[in-house]
There are 2 protein chains.
Amino acid sequence: MSHLATQSTGTVDRILDVAERLFAENGFHATSLRQITQDAEVNLAAVNYHFGSKQALIVAVFKRRLDALNSARLARLDELLASDAPPALEAVLDAFVRPAIVFTHASDETGHRFMRILLRAFADQDADLHAALSSEYAHVMRRFAAAIAETLPDHCPDRIRRQLDFIVGALTHTMAESGHDDPGQIADDLVRFSAAGLGSLPHPSLQTANQVGAKGTLEIVR
Amino acid sequence: MSHLATQSTGTVDRILDVAERLFAENGFHATSLRQITQDAEVNLAAVNYHFGSKQALIVAVFKRRLDALNSARLARLDELLASDAPPALEAVLDAFVRPAIVFTHASDETGHRFMRILLRAFADQDADLHAALSSEYAHVMRRFAAAIAETLPDHCPDRIRRQLDFIVGALTHTMAESGHDDPGQIADDLVRFSAAGLGSLPHPSLQTANQVGAKGTLEIVR
DNA sequence: GCCTGATTCAAACAGATGTTTGATAATACT
DNA sequence: AGTATTATCAAACATCTGTTTGAATCAGGC
C-alpha cells in the first residue's frame, strides 16, 4: 500500500509544488530531498512515503502539468476538426503552439518554471522520465502530425514529422528562455514562422530516394 | 601557480576527454570526480590540481570545443562576405547551421556527445557557465545577426534577433536528439525551414507599436 | 652529484546525499 | 468504545560528494 493510494492532506501537493520550483531553479540532481521537504514544511521521510523514491517524485511533478497542457492542446485541435471545413495549417500549428506559450507566461511564474524543467528533461536523457512521458505525449504528437499531414496531402508523413521536431525545438527553447515579452506576439511569430517553414517543403515529385529513418524526438518523448 | 599554467603530459587532456563523455551521458551534477579520474586513469586530486575545481573543469570542457565550432562558422561567414555580391539569406543561415550539424555527426561520437552537453548548458542555467560562454559566443551571434539583418534591410533588427532564437532552438534540439540520419539532409531542411520562416516576417510598414524588449537567449549565452 | 619546482599519489576530511527504521500521532471503520 | 489503517516524525543508516593534505616521485638546471 502506501504509494499512490492517498489523496488526503495537502502534504503531497505541497511537496509537488516545492519540488517543481526547486527542480526548475537548480535541476534534478542538484535538488536534495532535504531542501524540498524543508521548504514544504514536511518531514524528510514524507517523499519516500508518498512517492516511493526521488525518481518517482520527478515523474510525478511532470505528469501533473503535462496532462493539463496536452488536454488544452487536444481540446483546441478537436474544436478545429469538428468544423466541416478542413482546418488551415496555421490553425493546427496555433492549437499546438499557443497553449504552451500561454501556459508559460501565466501570471504566476509556475508556467515558466515548468517549461524550464521540460527543457531539462530533453537534456537529461533519463530513461525512466522518457518512458513515463512518452505514454502521454505520444498520443498528442501523433494526432497533431496527422492533422498537419492532412493539410499538406502531397507530402511524406515522415518528412513532416521531422519538420515537427524543428517546431518543438523552437517552441521549447523559446519558452524556456524568453523573458516577459508579450506571449501573444511570440505565439503569432512562431506560428507564422513554422507555417512558412512547413510550407516550404519541396514537393515529393522530385524526391530522390532518401532515407527517412529518422529516429527523431518523436520516438523518444512522445 | 598550479592552475592553468601547465601544458605538460596528457593528463589534462585525458581528463577533458573523459569528463566530456561523462557529462554528456549523465549530466554535470550526476558525474563525480571519482568517476572521471577513474576512467581517465589519473589520481583523484589531479582535477583540483590542474583545473582548480569541478566547476572550472566544466567550463574548460566547453571552451575547448566551442572555439573550434565558432571558428568554423565565422570562417564560412567571412568567406561569404568577402565576395563582392551581398550574400543570400540562405547562405548566411547555412554558414551558421551546417558547421554545427556536421560537427554533431562527426564519425566518432564526440560531436553528438558535446551537443547534448550544450543543450544541457541551456537547461542548467548555471551563472558561471553562462558568463564563461557568453564572452565567446556573443561575438559570433552578433556577427550573424548583423549579416542576416543586411539581407533583410526592411526589417527591425530586434525582431530578426528574436527569430534567430527560433533557429537556435530548432538547431540545438535537432542536434541533441537526431539519430544517425544524413547530416547534409538535415542541414538542408533546417536552412530552408529557417529561411522561409525569416522570409515570412511581415513588413515593418504595418507594424503597430509593439514592444521588442526581448531578453531572449542572445543576451544569455552569446 | 644536489637542489628546485612541478606533478602524482594514497589517505583523510567535513558534509551532504537518498533511504530505512521504529515509534508516535492522527484518522477511519465497525 | 476499540481496532486497524494511514500519516508524520526524529534519528540513524550507509554511501557518496568535492576538496585538502603531506609525503612520494619525477623533471630539468646548475
Side-chain angles (χ1 to χ4, degrees), chain A residues 1-62 117 120 124 126-129 132, chain B residues 1-62 117 120 124 126-129 132:
Chain A
M1 346 297 89
S2 66
H3 318 337
L4 274 177
T6 173
Q7 93 277 25
S8 62
T9 83
T11 300
V12 2
D13 288 309
R14 222 144 9 113
I15 292 177
L16 285 175
D17 287 337
V18 173
E20 180 176 278
R21 176 171 57 83
L22 293 179
F23 285 159
E25 287 173 359
N26 310 322
F28 300 124
H29 288 102
T31 303
S32 70
L33 293 186
R34 282 171 175 81
Q35 216 176 332
I36 294 172
T37 54
Q38 207 163 322
D39 281 30
E41 294 177 333
V42 302
N43 190 269
L44 168 61
V47 168
N48 284 279
Y49 177 76
H50 287 286
F51 297 93
S53 69
K54 183 184 181 181
Q55 179 67 40
L57 169 64
I58 295 176
V59 173
V61 166
F62 264 85
I117 310 187
R120 220 180 268 277
D124 291 351
D126 189 310
D128 291 352
L129 203 52
Chain B
M1 0 274 91
S2 65
H3 318 339
L4 273 177
T6 171
Q7 93 277 25
S8 60
T9 82
T11 300
V12 2
D13 288 308
R14 220 144 10 114
I15 292 176
L16 284 174
D17 287 336
V18 173
E20 180 177 278
R21 175 170 57 85
L22 293 178
F23 285 159
E25 287 172 1
N26 311 322
F28 300 123
H29 288 102
T31 303
S32 70
L33 292 185
R34 281 171 177 81
Q35 219 176 329
I36 295 172
T37 54
Q38 207 162 322
D39 281 29
E41 294 177 333
V42 302
N43 189 267
L44 168 61
V47 167
N48 283 279
Y49 176 76
H50 286 286
F51 298 93
S53 70
K54 182 185 183 179
Q55 179 68 40
L57 170 63
I58 295 176
V59 173
V61 165
F62 265 85
I117 310 188
R120 221 179 268 277
D124 291 351
D126 188 310
D128 291 351
L129 202 52

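Labels below follow one simple rule: chain letters A, B, ... track the order of the sequence lines, proteins then strands, and each chain is numbered from 1.
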Starting at atom [atom1] of [X], determine the distance to atom [atom2] of [N], rounded to an integer number of angstrom.
| X | N | atom1 | atom2 | answer |
| --- | --- | --- | --- | --- |
| B/His29 | C/dT17 | NE2 | C1' | 13 Å |
| B/Ile15 | C/dT7 | CD1 | C1' | 11 Å |
| B/Ile36 | D/dC16 | CD1 | C1' | 15 Å |
| B/Phe28 | D/dT17 | CZ | C1' | 18 Å |
| A/Gln55 | C/dT19 | CD | C1' | 15 Å |
| A/Lys54 | C/dT17 | NZ | C1' | 8 Å |
| B/Leu33 | C/dA12 | CG | P | 20 Å |
| A/Phe51 | C/dT19 | CZ | C1' | 16 Å |

Go through [options] for me and flag the one nearest to the [X] side chain.
| X | options | answer |
| --- | --- | --- |
| B/His50 | C/dT8, D/dT19, C/dT17 | C/dT8 |
| B/Asn48 | C/dG18, C/dT8, D/dT20 | D/dT20 |
| B/Tyr49 | C/dT7, D/dT8, D/dT19 | C/dT7 |

What is the minimum heavy-atom distance between A/Thr31 and A/Gln35, and which atoms define it? CA-OE1, 3.9 Å
The residue, A/Ala30 or A/Asn43, whose nearest nucleotide of DNA chain C is more 5′ is A/Ala30
Hey, mind stepping through A/Phe51 and A/Ile15 against side-chain contact (heavy atoms from CB on, under 4.5 Å) and telling me if it holds? CA-CA 10 Å; A/Phe51 297 93; A/Ile15 292 177; 3.8 Å; yes
Can A/Ile58 and A/Val61 be said to form a side-chain contact (heavy atoms from CB on, under 4.5 Å), step by step? CA-CA 5 Å; A/Ile58 295 176; A/Val61 166; 5.8 Å; no
Under the criterion side-chain contact (heavy atoms from CB on, under 4.5 Å), I'd like the reasoning laid out for B/Leu16 against B/Leu57: C-alpha separation, chi angles, the key distance, then a yes or no. CA-CA 8 Å; B/Leu16 284 174; B/Leu57 170 63; 4.0 Å; yes
So what does A/Thr37 touch, heavy atoms closer than 4.0 Å: a base, only the sugar-phosphate, or nothing? nothing
Assign B/Ala45 to base, sugar-phosphate, or nothing according to its heavy-atom contacts below 4.0 angstrom with the strands shown. base
Kindly say if [X] contacts the phosphate of [N], meaning a side-chain N or O under 4.0 Å from OP1 or OP2.
| X | N | result |
| --- | --- | --- |
| A/Ser53 | C/dG18 | no |
| A/Thr11 | D/dA7 | no |
| B/Ser32 | D/dC16 | no |

Determine, stepwise, if the pair A/Arg21 / A/Asp39 fulfils side-chain contact (heavy atoms from CB on, under 4.5 Å). CA-CA 10 Å; A/Arg21 176 171 57 83; A/Asp39 281 30; 3.1 Å; yes
